[in-house]
Q: 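One structure coming up, written as C-alpha cells, with questions to follow.
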Amino acid sequence: MRSFKGFVIKEFYHIFRDKRTLLILFAMPVLQMLLFGYVITNEIKNARIAVWDRSKDVITQKITDKLRGSGYFNVVLEIDNEEEIEQVFKKGEVKEVVVFESNFAEKIGREGVAKINIIADASDANTANLVVSYTSAVINDFTVKELRAVDPPMKINTETRLLYNPEMKGVFMFVPGTMAMILILISALLTSVAIVREKETGTMEVLLVSPLKPSQIIIGKVTPYVALSVINALSVILLSRFVFGLPVQGSYTLLITECVLFIIMSLSLGILISTTTNSQQVAMMLSMVALLLPTIMLSGFIFPIENMPFWLQVVCRINPSTYFIIIEKNIMLKGTGFLSVWKETLVILGYTLLFIGLSVKKFNVRLS
Amino acid sequence: MENREKVIIVRDLVKDFGGFRANDHLTFDVYKGEVFGFLGANGAGKTTAIKILCGLLKPTSGQVRVAGFDVYKQSNLIKKNIGYMSQKFSLYEDLTVSENISFYAGIYGLGFREIKKKRMELIQKLGLESYAGKLIKELPLGWLQKLAFSIAIVHNPDIVFLDEPTSGVDPITRRQFWMMIYEAAANGITVFVTTHYMDEAEYCDRVSIMADGLIVALDTPANLKLSFRAKSMNEVFLELVRNKNNSNQQ
Amino acid sequence: MLSVSAHELKKNYGAVKALKGISFDVSEGEIFGFIGPDGAGKSSLFRILTTLLLPDAGQASVCGLDVVKDYKKIRKIIGYMPGKFSLYQDLSVEENLSFFASVFETTIESNYHLIKEIYSHIEPFKKRRAGQLSGGMKQKLALSCALIHKPNVLFMDEPTTGIDAVSRKEFWSMLKGLKKEGISIVVSTPYMDEASLCDRVALLQDGIILKTDTPNAITDTIGKKVWAISSESVYKLMCDLSGYGGCYSVYPFGQMVHYMPADQSEELTLVENFLKERNHRNISIEIIEPTVEDCFMELMRINKEDKR
C-alpha cells in the first residue's frame with residue numbers, strides 16, 4: 001500500500017509542476033465552454049426581420065412599433081406578398097417574417113381574437129428559436145398590457161412556422177454534447193501521455209525493474225486525475241448554468257457522479273492508448289483524432305442518430321459518449337432520476353472496467 | 001611557435017547571461033594545423049565559448065576572430081569557413097551514404113561536379129564502396145564516426161570543431177579516427193576538440209582547461225603533466241580541480 | 001552462491017545479433033565490469049539480467065533465480081541504474097528518493113546507513129529539482145535511489161558516461177564502499193582506464209566476450225611487451241612505423257605510439273635507427289607492460305583473424 005500511495009503522490013507532483021498539464025486540465029474546459037457560450041448565445045440584438053402587414057391598421061402598427069422599440073429587432077423590410085417571404089429568406093436578408101392577417105383590428109374588435117404568423121429561418125436553429133421566442137414574448141407583453149385591459153378580453157393567436165429545419169433542435173441540446181466532448185478529450189489527452197512520458201524519459205525502465213505491479217502503476221496514474229477532474233466537472237456544470245443559462249432540472253449529485261464516472265472511463269481510455277504507443281506525439285494524436293470526431297459526429301451531439309444509416313447507428317451505439325449525452329439530457333433537461341439512466345450508466349461502467357482491464361493486460365512487464 | 005599563422009584569436013572574451021558570467025576574460029590563440037583540446041567539467045563554460053567561436057552567439061565583450069573574421073560582424077563568413085561535428089552527429093538515417101555526402105556538400109555551396117568528385121573520393125578513401133547506396137542506419141557504428149568527420153571537412157574548412165568525437169567507440173576505430181584527425185591537421189585544417197574525457201586530451205597538441213568560466217591551464221599535455229607531476233591528463237585535471245576547490249574555500 | 005550466472009546468452013534484433021553467446025559468473029561481493037564500446041551489447045545484456053528483456057537463447061540467473069521464470073522475485077532484490085539518467089527531473093532530490101523508497105515498501109530512514117556516504121554529498125541540495133543537478137550529482141542521486149531498498153545485486157549500465165573526471169573518481173570510490181556492505185556490483189563502461197577499478201572484468205566486443213579475468217591477469221595473458229615510442233610527431237611516427245617491416249601492430253596512444261614487434265626479440269636499436277633515417281627527432285623508446293586497452297585491441301585483432 002505504501003508503494004501505491006507513494007506513486008500517487010509522485011503523480012501529483014508531476015501534475016502540479018507541469019504548467020502544460022495544468023493549463024489543459026483547468027484552463028481548457030473553461031475556455032472551450034466560454035467559446036461555446038459565445039457561439040451559442042441566448043441573447044439577440046437587432047435581429048433583422050421583415051413585416052408583412054396585410055391589415056395596416058392601428059393595432060398592427062402599434063405591435064410593429066413595439067417590436068421596433070424592443071431593441072431586439074430591426075425591421076428592415078416591409079413586404080406585401082407571399083412570394084417575397086421565400087425570396088427574403090433565400091437571400092438571407094432577414095431571420096424572421098411577421099405576418100399580420102388582414103383586417104386584424106377589425107377581427108379583434110369583432111371576434112376578440114386575431115392571428116399573427118411568425119415564420120423563421122430555422123436553418124440556423126438556435127437563432128430561429130431565439131428570435132421566435134422573443135417575438136412571441138413581445139406580442140404577449142402587448143396582449144397583456146393593451147388588450148386584456150378591455151372588456152371583454154381580446155387575444156392574439158401566434159402561429160409559428162419554422163422553415164428548413166422543422167424538427168428544431170433547441171440550443172440546450174448542445175450543452176450535454178459539449179460537456180461530453182470536453183470531459184472525454186481532456187481526460188484522455190492527459191493520461192494518454194502519462195505512461196508514454198515515462199517510456200520516453202527512461203524512468204519506465206526503473207519502474208519495471210521494481211516490485212510495482214502493472215495494475216498499481218495504471219491505477220496510480222488515473223487516481224490523481226480523477227480527483228482533479230471533479231473540479232473540472234464542477235466548473236463545466238457551473239459554466240453551463242451561468243454562461244448558457246441552462247438550469248439543471250434533476251439532481252446535481254447524480255449529475256456530478258455520472259460526470260465522474262465518465263471521466264474515469266475517459267482516463268482509462270487514455271491509459272489504454274498510452275500502453276500501446278511509444279511516443280507522446282503519437283499518443284496525443286491518437287487521443288485527439290480518434291476521439292474528437294466520433295464525439296462530435298457520432299454521438300447524437302449534433303446530428304440525430306435516428307436519421308443515420310444503420311451501420312453508423314451501430315457505431316454510435318459503440319461510442320460511449322452517446323450514452324453519456326443521453327444521461328446528461330435526462331438529468332439536466334428532463335430532470336429525471338437515476339432510474340431513467342441506470343442502463344446507460346451501466347454501459348459506461350462496463351467500458352471503464354474494460355479499458356482498465358485491457359490496459360493492465362496490454363501493459364508490458366518487459367521492454368519490447 | 002609564435003610566428004605561426006593564428007586561425008583563432010581570442011582576447012578578453014566575456015559572456016554574461018543575466019548576472020551569471022559564463023566566460024570570464026578568456027584569452028588564447030589557436031594556430032593553423034593544430035589539434036587544440038578544449039577541456040573542462042560540465043558547466044565550466046565550454047559550450048558557451050564554442051557557440052561564440054562558431055558565430056552562433058555574440059560575446060558580451062572582448063575581441064574574437066575566427067578564420068580571419070570578426071564574430072560580431074561576420075558570423076556568416078565564419079560559418080562558411082568552419083566545419084562542425086557533434087557527439088551525435090546528425091547524419092540523416094533515412095538517406096543513403098552518398099545522399100548524405102551530397103547533401104552536406106551542397107549546403108556548403110559546392111558545385112555539382114565538385115560534389116560528385118568529393119563523393120567518389122570520400123567513399124573510396126573510407127572504403128565504403130559497398131555501402132555507398134545503403135541507408136545510414138545500416139552502417140556499422142565505427143564507420144558512422146569516420147563518415148561524419150569526413151563530411152564535416154568536405155568543404156575543406158579552415159577549422160573543424162569536434163565535440164567528444166571518440167566517446168564510446170572501440171579502441172581500434174578510435175585510433176583510426178585520430179589518424180584521420182592528424183591527417184586533416186597535416187593538411188592545414190585546424191582541429192578544435194572539446195571534450196571532458198581526459199583520455200581524448202592526451203591526443204591533442206595543446207590543451208586548455210576551463211573551470212568556472214576561466215581558463216585555468218593552457219599548454220601541451222607533456223608540459224602540463226610535467227608541471228603537475230602527473231602521469232596522465234586525468235591526474236592533471238584532478239589536481240587542478242583540487243587546487244581550485246581549496247582556493248575557493250580559503 | 002553466485003550473484004549472477006549466465007550461460008550462452010543470445011539476443012537478436014531482427015538481423016542484428018546483439019549478443020552472440022555470453023557466459024560468465026559473478027561471485028558474491030564482487031565488482032564485475034563489462035568493458036566495451038557502444039554497440040558491443042552491454043545494454044542488451046544488462047536488460048536481460050534485470051529481467052527487462054527476454055533472451056533468445058541461453059540461461060541466466062541472479063542469486064539463483066531464473067531471469068525469465070522468477071522475474072518478479074528478482075525485481076525485489078536488485079538495484080538497477082540504466083544507461084540513460086532515469087529519475088524524475090521535475091521532482092526534487094528528496095522526493096525522488098522517497099518515491100523509490102516507497103516503491104519498495106521501505107523508507108529513507110530504514111536504509112539510510114547504506115546510502116549515507118553517497119547521499120550526504122547531495123543532501124544539502126535535497127530541495128533542488130533533479131533536473132537542475134550537475135552530471136555527477138545526478139549519478140549520486142540515481143545510485144542512492146537504486147540502493148535505497150538494500151539490493152543484493154546492483155546493476156549499473158555506463159554510470160560514468162558523460163560525467164567529469166572528478167565525479168568519476170568519486171563514483172568509483174563509492175562503489176568500493178558498497179562492496180564492503182556485501183553488495184555485488186555489475187557495472188559497464190566504455191572507458192578502458194576504469195577496468196583496473198574492478199575486481200574482474202569481461203571485455204565485450206561485438207556481442208561476444210573477448211576475455212574474462214582480473215585486470216592484472218588480462219594484461220599478462222597476451223604475453224607480449226609493448227614499446228612506447230615518442231618523437232616530435234605522432235602522425236609521422238604512425239605513418240613510418242606502420243610501413244616498417246618488423247611491425248606487428250602500432251597504435252597512437254596520446255602523444256606516443258604503442259608498437260608491438262612481430263618478433264619479440266626484435267632489437268630496439270634497429271627501430272631507433274629506422275626512425276632516425278626518417279628524420280625523427282627526440283626519439284624515445286621504452287618497453288612497458290601492456291595496458292588493458294592494448295590487450296583489448298590485441299584480442300579484437302586475434303578474434304578477427306580467428307573468424308577468417
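In what follows, every chain begins at residue 1, and chains take the letters A, B, ... in the order their sequences are listed. Remember, predicted model here, so these are calculated numbers, not experimental data. These values consider heavy atoms only, across backbone and side chains, with no hydrogens, waters or symmetry-generated copies.
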Q: Is B:Glu200 in contact with chain C via its backbone, its side chain, both, or neither, using a 4.5 Å heavy-atom distance?
A: neither
Q: Counting only heavy atoms closer than 4.5 Å, note whether C:Pro37 contacts chain B via side chain, backbone, both or neither.
A: both
Q: Which one of C:Asp206, C:Ile163, C:Thr189 has the most heavy-atom pairs closer than 4.5 Å to chain B?
A: C:Ile163
Q: Just so I know, are the side chains of C:Val166 and B:Leu238 near enough to count as touching, which here means a heavy-atom distance under 4.5 Å?
A: yes
Q: Are side-chain heavy atoms of B:Arg174 and C:Tyr251 found at a separation under 4.5 Å?
A: no
Q: Using a 3.5 Å cut-off and no angle test, enumerate the donor-acceptor pairs between side-chain atoms of residues 43-53 of chain B and protein atoms at least two apart in sequence or in another chain.
A:
from: B:Lys46; atom 1: NZ; to: B:Gly40; atom 2: O; distance (Å): 3.2

Q: For C:Gln205, which atoms come within 4.5 Å of any heavy atom of chain B: side chain, backbone, both, or neither?
A: side chain
Q: Could you report the tightest heavy-atom contact between C:Phe296 and B:Pro171, atom names first, then the distance?
A: CD2-CG, 3.4 Å
Q: Quick check on B:Gln124: does its CD atom have over 12 non-hydrogen neighbours (other residues, nucleotides or ligands) under 6.0 Å away?
A: no
Q: For chain B, which candidate among C:Arg301, C:Lys169, C:Glu293 shows the most heavy-atom pairs at distances under 4.5 Å?
A: C:Glu293
Q: Can you measure from CG (C:Asp193) to CE (B:Met198) and round to the nearest 0.5 angstrom?
A: 11.0 Å
Q: Look at the side chain of C:Tyr235 and the backbone N and O of B:Met180, then say whether any donor-acceptor pair between them is shorter than 3.5 Å.
A: no
Q: Please classify the contact between B:Ala222 and chain C as side chain, backbone, both or neither, with a heavy-atom cut-off of under 4.5 Å.
A: neither
Q: Pairs in or reaching into residues 217-233 of chain B: which pass salt bridge (Lys or Arg N to Asp or Glu O under 4.0 Å), with residues at least two apart or in two chains?
A: B:Glu202-B:Lys225
Q: Tell me, for C:Thr161 versus chain B, whether the close heavy atoms (under 4.5 Å) come from the side chain, the backbone, both or neither.
A: both
Q: Identify which of C:Cys239, C:Pro190, C:Gly162, C:Ser134 forms the greatest number of heavy-atom pairs closer than 4.5 Å to chain B.
A: C:Gly162
Q: Would you mind checking which part of C:Tyr191 comes under 4.5 Å of any heavy atom in chain B, side chain (CB onward), backbone (N, CA, C, O), both or neither?
A: side chain
Q: Is it the case that more than 12 heavy atoms not belonging to C:Met256 sit under 6.0 Å from its CE atom?
A: no
Q: So which atom in C:Gln255 and which in B:Asp205 form the shortest heavy-atom distance, rounded to 0.1 Å?
A: NE2-N, 4.3 Å
Q: Are any of the side-chain heavy atoms of C:Met297 and B:Arg175 separated by less than 4.5 Å?
A: yes
Q: Between OG1 of B:Thr173 and CE of C:Met300, what distance do you get to the nearest 0.5 Å?
A: 5.5 Å
Q: Quick check for you: to the nearest 0.5 Å, what is the distance between C:Asp164 atom CG and B:Thr195 atom OG1?
A: 11.0 Å
